[in-house]
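First the structure, in the form of structure tokens, and then the observations on it.
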Amino acid sequence: MRIDIITCLPSLLVSPFAHSILKRAQDKKIVEVIVHDLRDYATDKHKKIDDYAFGGEAGMVLMIEPIALLINQLKKERIYDEIIYMTPDGVQMNQNIVNQLSLLKNIIILCGHYKGVDQRVRDIFITKEISIGDYVLSGGELAAAVLTDAIIRLIPNVLSDETSALTDTFQDDLLAPPVYTRPANFEGYQVPDVLLSGDHNKISEWRENISMQRTKEKRPDLWEKIIKE
Ligand code: 6GU
């Protein structure tokens, strides 16, 4: 999979992809993440990429020309399955959206900034608008990092234990059960006996029960959805 990210703050997107699972996925050539600095595509001599909003609204707006230049260039090189705009007024991201995006071959993610992007960019180029929740961030970069992380870990062979993405919280709409490691006894706080029993059927049953109990308590909204299905 190839993910092109368009931003005016490329340095914000260095560290999230330089460690651990996301770094290994790139080293193994399973995924290619290319961060493009919008300023490199400025079309005037002052390298201007944003301007005042028409109509007197406060705040700067990302201009269409640099974005159009870059997206058109990328589209000449390959076919993109989705061109996503990260914006708080988009559809709220969830595991289902991420699962679908993880199956694609080439995507572009455009990060908004300041007051956003000229509406014509959205009208002409964007195929999907995604928000990561009902709160406002200063820009789309951190949201793009969240989305990209969630996508990459689902691509086959990225996680070492193939089953581990399947047992994630949300993958079956249930919250994941708690996990423990050594010591079995920390200052009197014990790991549940069943986990030390070696009885795999019992352990599975315990995990399932506690997942349901946790979901009911912490996420009654998810629980309602499950029992209706
Ligand atoms: Cl995608 N962008 C910004 N700026 N704020 C957000 C967001 C995105 N998702 C939630 N808040």
Side-chain angles (χ1 to χ4, degrees), residues 1-18 21-22 31 33-42 48-68 70-71 74 80-104 106-155 168-171 173 175 218-219 221-222:
M1 181 175 195
R2 174 177 165 128
I3 304 174
D4 289 272
I5 306 181
I6 304 175
T7 171
C8 48
L9 288 171
S11 58
L12 264 181
L13 289 165
V14 175
S15 181
F17 304 115
I21 292 169
L22 303 194
V31 67
V33 178
I34 297 123
V35 177
H36 303 270
D37 185 349
L38 200 50
R39 207 164 289 278
D40 295 340
Y41 297 84
K48 201 174 168 55
I49 53 170
D50 58 353
D51 208 337
Y52 296 100
F54 280 124
E57 167 110 26
M60 302 296 272
V61 176
L62 287 177
M63 299 162 72
I64 190 168
E65 288 111 317
I67 296 170
L70 173 51
I71 292 180
L74 289 171
Y80 284 93
D81 303 303
E82 296 282 5
I83 303 180
I84 300 164
Y85 176 48
M86 301 308 298
T87 175
D89 62 8
V91 176
Q92 193 163 323
M93 177 181 155
N94 58 32
Q95 193 62 49
N96 185 31
I97 291 176
V98 175
N99 290 350
Q100 288 177 25
L101 292 175
S102 75
L103 301 172
L104 303 179
N106 301 307
I107 62 172
I108 294 174
I109 301 176
L110 172 64
C111 305
H113 226 258
Y114 313 108
K115 262 288 161 206
V117 63
D118 189 305
Q119 178 60 38
R120 291 167 292 182
V121 170
R122 299 167 72 158
D123 298 341
I124 298 169
F125 296 107
I126 299 301
T127 61
K128 227 181 199 32
E129 300 188 325
I130 296 179
S131 159
I132 64 164
D134 287 341
Y135 41 81
V136 179
L137 303 168
S138 4
E141 284 75 14
L142 297 181
V146 167
L147 177 63
T148 309
D149 181 309
I151 291 171
I152 292 175
R153 59 190 298 291
L154 292 181
I155 304 171
D168 286 342
T169 282
F170 297 124
Q171 208 48 274
D173 281 332
L175 303 187
K218 296 203 218 187
R219 292 293 305 272
D221 56 320
L222 287 181

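Whatever order the structure lists them in is the order used to number ligands and atoms, beginning at 1.
A distance of 8.5 Å separates CD1 of I83 from CG of L74, quoted to the nearest 0.5 Å. Taking NE2 of H36 as the reference point, atom CG of L13 lies at 11.5 Å (rounded to 0.5 Å). Of the inter-residue distances, the one linking F125 atom CZ with L70 atom CG reads 9.5 Å to the nearest 0.5 angstrom.
For ligand 1, the atoms lying closer than 4.0 Å to a non-hydrogen atom of I130 are 1 (Cl). Residue contact check: I132 has heavy atoms under 4.0 Å from atoms 9 (N), 10 (C) of ligand 1. Each of the atoms 1 (Cl), 8 (C) of ligand 1 lies under 4.0 Å from some heavy atom of A143.
The nearest protein atom to atom 1 (Cl) of ligand 1, hydrogens excluded, is given as T87 N, 3.1 Å; this is a heavy-atom distance. For atom 2 (N) of ligand 1, the closest non-hydrogen atom of the protein is P88 CD, 3.5 Å. Nearest non-hydrogen protein atom to atom 6 (C) of ligand 1 is Y135 O, 3.6 Å. If you check which protein heavy atom lies closest to atom 5 (N) of ligand 1, you get L137 N, 3.0 Å.
One N or O on the side chain of D81 and one on the backbone of N106 form a donor-acceptor pair closer than 3.5 Å.
Residue G133 holds the heavy atom nearest to atom 10 (C) of ligand 1 of all those in A144, G116, G133, G112.
Between R120 and D118, at least one side-chain nitrogen of the basic residue sits less than 4.0 Å from a carboxylate oxygen of the acidic one, meeting the salt-bridge criterion.
Judged by distance alone, the side chains of E129 and T87 never bring a donor and an acceptor atom under 3.5 Å apart.
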